[in-house]
Structures are given as C-alpha cells and as structure tokens.
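Remember, predicted model here, so these are calculated numbers, not experimental data. Any value given below was found using the heavy atoms of this structure, including those in side chains, with hydrogens, waters and symmetry copies removed. We number each residue from 1, following the sequence as shown.
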Amino acid sequence: MMLQDYFVDLHVHIGNTMYGKPVKITASKTLTLTNILHESSKRKGLDMVGIIDGHVPAVQEELIQLIEKGDAEPLEDGGIQYGNVTLLLGSEIEVYDDNCQGPIHVLCFFEDLYHMQQFTDWFGKRVKNITLSSQRIYENAHNLQKQVKELGGVFIPAHIFTPFKSLFGKGVVASLEEILIPELIDAVELGLSSDTQMADQISELHSYTFLTNSDAHSLKKIAREYQKIRMKAPTFMELKKALASKDDRGIVANYGMNPLLGKYHSTVCANCLSPAKYGGPCEKCGHKTIIKGVSERIGELADVRVSPKRERPPYIHQVPLEYLPKLGPKTLEKMLSQIGTEMYILHHATDQELAEVCSKDLIRMIKEMREGNLSLLAGGGGKYGKVKK
C-alpha cells in the first residue's frame with residue numbers, strides 16, 4: 001500500500017448522547033456521535049476525526065449500536081470506519097495536580113473500543129462524573145501519562161497557549177517539564193490563537209509535532225482547523241507513526257485560522273474587550289480584569305535564537321467557508337450539494353466549478369483564502385476575529 005495524504009481533525013466534542021443527555025455542556029445538542037460521523041464524512045470530507053469524549057459510557061453504547069447495525073466497522077490497525085471517515089476514540093481531561101499553577105487540558109487517544117473502555121474503568125475511579133466532557137482528574141499528571149502509555153495510547157497537551165486551562169497559558173511558569181514527562185508526549189496542539197511560527201519561538205517545543213484541530217463545539221465548526229497527514233491508511237497505528245515522523249509518515253501541512261482570528265490572540269479587557277495592558281486596570285472602562293493574549297504569553301516564553309533542527313511542514317492560514325462574509329447559508333448548501341465536500345472546495349474546486357454556484361466576489365475571496373491573503377480584524381478576550389469584507 002502506497003503512502004497517501006489524508007485530512008484529519010482530532011478534537012471534536014460530543015454535545016449530547018443518543019439519549020438526549022448532555023456531555024459537553026457548552027456544545028450544541030446536535031453534536032451526537034452519529035451526526036458528527038455523518039458531517040465529517042459526507043459534508044466536511046475528512047478522512048479521520050477524533051472524538052474526545054469517547055470515555056462516556058453512553059457514547060460507547062451508541063458506537064456499539066452502529067457497529068452491530070453494520071454502519072461502522074473496527075479496523076485491524078485501530079480506529080473505526082464509518083462511511084469515508086475513520087473515527088478515533090479519545091478523551092479530553094483536565095489536570096490540576098500539585099505541580100500545576102492552574103488547570104490544563106490534555107487529549108488521550110486509544111486504538112479501539114476495548115482500550116477506550118479499559119481507560120474508562122481507570123478514569124472513572126478518578127473523576128466525579130464520567131458522563132461529562134473535560135472532567136478534572138484527581139490524579140498526578142505523570143501517572144495519567146503512564147496509564148495512557150500502558151494502554152498503548154497517544155498523549156497530546158491541548159490548545160497549549162490559550163489563557164484558560166492550557167499548559168503554557170495557565171499550567172506552568174516556564175517549562176512543560178514542571179508538569180509532564182517530556183518523552184511521554186506524542187504531539188502538542190497549538191490552538192486557534194497561535195501558529196507554527198509563533199510556537200517555534202519556544203525551544204523546548206522544537207522536538208514535538210504540531211497539530212491544528214478544531215475543538216469543535218458545533219457541527220459547523222468541525223474542521224475549522226485540521227491537518228494533512230501522510231500515511232498508508234487513516235488508522236490509529238498509522239497516525240502514531242506519523243506523529244513520530246517514522247517510515248516517511250508525517251504531517252504534510254497544518255491548516256489553521258490566522259492567529260488574529262483566534263478569540264484569545266490579543267490582550268484585552270475582560271469587560272469591554274478593548275486592547276489593554278496586562279496588569280490593568282483598563283484605560284477605557286476601568287475594569288481590573290485583563291486577559292493576557294496568546295501573542296503576549298508566547299513573547300514571555302520565547303527563548304529561540306536558532307531555528308528548529310526538524311523541518312516543519314507549512315502552516316497555511318485558512319478560514320472555514322462559513323467565515324467568508326460574502327457566503328450565505330443557502331449558497332453554502334448549494335456548493336456542498338453541487339460541487340463537493342468542504343475539503344474538496346477548499347483544496348481542489350476549479351474556477352469553473354465554483355462559478356456554477358458562486359459570485360465573482362466569492363470566488364475571489366476563496367482564492368485569496370487559499371493563498372492566505374484575506375484581510376483580518378484581530379480577536380481577543382473570548383471574541384473571535386473577523387474577515388474584513
């Protein structure tokens with residue numbers, strides 16, 4: 001089997017179980033496992049999607065039903081096939097042990113349902129509510145890493161720079177070694193407010209693979225960030241090799257929103273969201289709480305005088321189609337039904353194909369987006385940036 005390129009998003013939440021019970025409280029109720037798989041396969045055009053609430057027993061029950069009905073099929077090398085997409089089962093966990101300055105989130109992925117259930121049994125004894133997303137674990141981070149590795153899993157710190165609940169945004173003073181065992185980290189997830197160039201200003205990150213994932217809380221947000229990965233097949237074992245850059249596998253390109261669009265890029269006032277100096281108070285409204293932006297935090301940590309020894313794949317600034325101000329929901333639906341999936345439209349659709357549905361202005365914006373040339377307004381303090389009209 002030859003190496004091929006696959007589109008992958010490894011951070012999608014479950015909003016509700018098939019029984020109507022909440023999993024991720026802040027996520028859309030339409031984010032059920034079945035809906036996510038259908039959206040990822042039929043509309044987004046992803047080849048692999050990571051569900052990070054796979055520890056929830058009711059989510060596992062829904063998956064078992066899909067398998068029993070023949071709608072999903074476990075793969076020999078790990079992962080579960082549904083339509084054109086491979087499902088990876090994972091869990092987002094909140095860690096706040098004695099070494100943490102504040103809570104951090106991490107992602108753990110496992111080969112199959114059996115190993116996910118084994119982790120659920122262990123995890124369930126260390127959280128207050130196994131039925132909910134992103135639960136705080138009452139366990140040392142080192143022990144969590146070791147348990148993930150004992151089960152053959154993958155361990156990834158999540159959205160590592162965001163001001164709340166992240167490794168560098170809240171958890172450590174200066175180094176990931178304050179909390180985690182470096183050699184038990186398989187990759188790091190950058191988050192929406194940073195990119196490769198920003199993260200590589202920190203030397204201890206040079207040895208890690210960078211991931212760009214959506215952290216989707218609604219069906220539309222799936223694949224707002226993703227990566228193209230070279231593997232022989234979209235399976236768990238192939239992904240492990242790609243994260244370690246083994247046997248010619250690896251990340252081909254990261255596709256992420258320009259950091260200016262991230263809702264925590266700039267330092268702003270928590271009250272009025274005006275640009276502010278950290279330490280406050282806000283010069284505009286006098287509010288004392290100032291949210292430190294990702295760009296400022298990375299500037300504090302930056303220690304790089306030389307480029308990383310490893311060659312990084314390109315980081316291509318993109319936005320989801322829905323972000324384009326000249327694209328309405330009716331036109332988007334026509335594009336998906338008449339041209340193809342979102343991945344096809346973003347990467348392959350010709351001018352002639354686009355012209356059958358899109359205006360000249362919209363075609364221009366799509367081409368500017370592909371080239372990373374859209375004009376943007378910066379976000380901050382929990383408010384996303386915008387594409388200028």
Side-chain angles (χ1 to χ4, degrees), residues 9-44 46 48-75 78-95 103 105-139 144 147-148 151 153-154 158 165 213-224 236:
D9 179 2
L10 293 174
H11 194 146
V12 178
H13 281 281
I14 299 285
N16 268 31
T17 69
M18 62 180 178
Y19 305 116
K21 300 294 184 181
V23 178
K24 184 68 174 179
I25 301 296
T26 57
S28 168
K29 294 179 180 179
T30 62
L31 273 175
T32 63
L33 175 63
T34 301
N35 286 347
I36 291 167
L37 292 174
H38 181 269
E39 179 79 11
S40 300
S41 175
K42 302 297 185 183
R43 291 168 61 84
K44 294 296 181 178
L46 288 171
M48 179 181 283
V49 63
I51 304 294
I52 50 81
D53 296 316
H55 62 273
V56 176
V59 173
Q60 296 172 10
E61 290 175 23
E62 185 173 353
L63 178 58
I64 290 170
Q65 288 189 15
L66 290 173
I67 293 172
E68 289 177 344
K69 289 190 298 183
D71 294 333
E73 180 183 3
L75 299 173
I80 298 155
Q81 188 76 33
Y82 178 97
N84 297 321
V85 71
T86 298
L87 163 67
L88 290 189
L89 287 168
S91 180
E92 183 175 44
I93 299 164
E94 184 172 301
V95 178
H105 282 185
V106 300
L107 308 176
C108 309
F109 292 98
F110 300 94
E111 177 181 353
D112 51 28
L113 181 58
Y114 171 78
H115 286 90
M116 185 76 254
Q117 289 173 327
Q118 292 291 104
F119 181 76
T120 295
D121 290 341
W122 181 87
F123 185 43
K125 299 179 177 67
R126 293 163 172 82
V127 292
K128 291 184 177 180
N129 193 341
I130 194 67
T131 68
L132 294 178
S133 174
S134 310
Q135 289 294 283
R136 179 169 295 181
I137 186 171
Y138 295 91
E139 181 63 84
L144 171 61
Q147 180 63 27
V148 171
L151 292 172
V154 167
K165 300 184 179 181
N213 298 312
S214 68
D215 195 356
H217 285 52
S218 68
L219 290 172
K220 290 183 178 181
K221 294 297 188 292
I222 295 173
R224 63 178 168 180
F236 178 82

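Between atom NZ of residue Lys29 and atom NZ of residue Lys21 there is a gap of 11.5 Å, rounded to the nearest 0.5 Å. In this structure, CD in Glu111 is found 10.5 Å from CG in Leu75, a value given to the nearest 0.5 Å. Residue Glu39 holds its CD atom at 5.0 Å from CG of Leu219, rounded to the nearest 0.5 Å. In this structure, CZ on Arg43 lies 10.0 Å from CD1 on Ile222, to the nearest 0.5 angstrom. Taking CD1 from Ile51 and CG from Leu31, the interatomic distance works out to 8.5 Å, rounded to the nearest 0.5 Å. Note that CD of Gln135 is 9.5 Å distant from CG of Asp53, once rounded to the nearest 0.5 Å.
The heavy-atom pair separating Phe123 from Ser91 by the smallest distance is CE2-OG, 4.0 Å. Annotation for Ile52 and His11: closest pair CG1-CD2, 3.6 Å, computed over non-hydrogen atoms. Of all heavy-atom pairs spanning Ala27 and Gly15, the tightest one is CB-CA, 3.8 Å. Asp112 approaches His115 most closely through the heavy-atom pair OD1-ND1, 2.7 Å. Scanning both residues, Asp71 and Tyr82, for their nearest heavy atoms gives O-CD1, 3.4 Å. Here the closest heavy-atom approach between residue Ser40 and residue Val85 is recorded as CB-CG2, 4.2 Å.
Taking the side chain as every heavy atom from C-beta outward, Leu107 and Leu10 never approach each other to under 4.5 Å. Two residues are said to be in side-chain contact when any heavy atoms from C-beta on lie closer than 4.5 Å; Ile36 and Leu87 fail this criterion. Under the 4.5 Å side-chain criterion, counting only non-hydrogen atoms from C-beta, Val154 is in contact with Phe236. Taking 4.5 Å as the limit, some side-chain heavy atom of Ser214 sits within range of a side-chain heavy atom of Val12. When side chains are defined from C-beta on, Trp122 counts as touching Leu144, because their heavy atoms get closer than 4.5 Å. A 4.5 Å side-chain heavy-atom check between Ile137 and Val95 finds at least one atom pair inside the cut-off. Using a 4.5 Å cut-off on side-chain heavy atoms (C-beta onward), Asn213 and Asp9 make contact. Put simply, the side chain of Lys128 reaches to within 4.5 Å of the side chain of Tyr138, judged on heavy atoms.
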With side-chain hydrogen bond (donor to acceptor under 3.5 Å, both in side chains) as the criterion, how do Asn35 and Thr30 come out once you've worked through the C-alpha distance, each side chain's angles and the decisive distance to 0.1 Å?
CA-CA 7 Å; Asn35 286 347; Thr30 62; 5.4 Å; no
Please step through side-chain contact (heavy atoms from CB on, under 4.5 Å) for the pair Ile93 and Phe119, ending with a clear verdict.
CA-CA 12 Å; Ile93 299 164; Phe119 181 76; 3.5 Å; yes
As a quick check of understanding, evaluate side-chain hydrogen bond (donor to acceptor under 3.5 Å, both in side chains) for Ser134 and Glu92, giving each step before the final call.
CA-CA 5 Å; Ser134 310; Glu92 183 175 44; 2.8 Å; yes
Verdict with supporting geometry, Leu89 and Ile80, side-chain contact (heavy atoms from CB on, under 4.5 Å)
CA-CA 9 Å; Leu89 287 168; Ile80 298 155; 4.1 Å; yes
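Proximity of a side-chain donor or acceptor of Ser41 to a complementary backbone N or O of Asn84 within less than 3.5 Å is detected.
Shown here is His217, whose NE2 atom has more than 12 heavy atoms of other residues, nucleotides or ligands within 6.0 Å. Within a 6.0 Å sphere centred on NZ of Lys220, other residues, nucleotides and ligands contribute 12 heavy atoms or fewer.
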For residues 56-67, which side-chain N or O atoms pair as donor and acceptor with protein atoms under 3.5 Å away, sequence neighbours left out?
from	atom 1	to	atom 2	distance (Å)
Gln60	NE2	Gly54	O	2.9
Gln60	NE2	His55	O	3.4
Gln60	NE2	Thr120	OG1	2.9
Glu61	OE1	Tyr19	OH	2.6
Glu62	OE2	Thr34	N	3.1
Glu62	OE2	Thr34	OG1	2.6

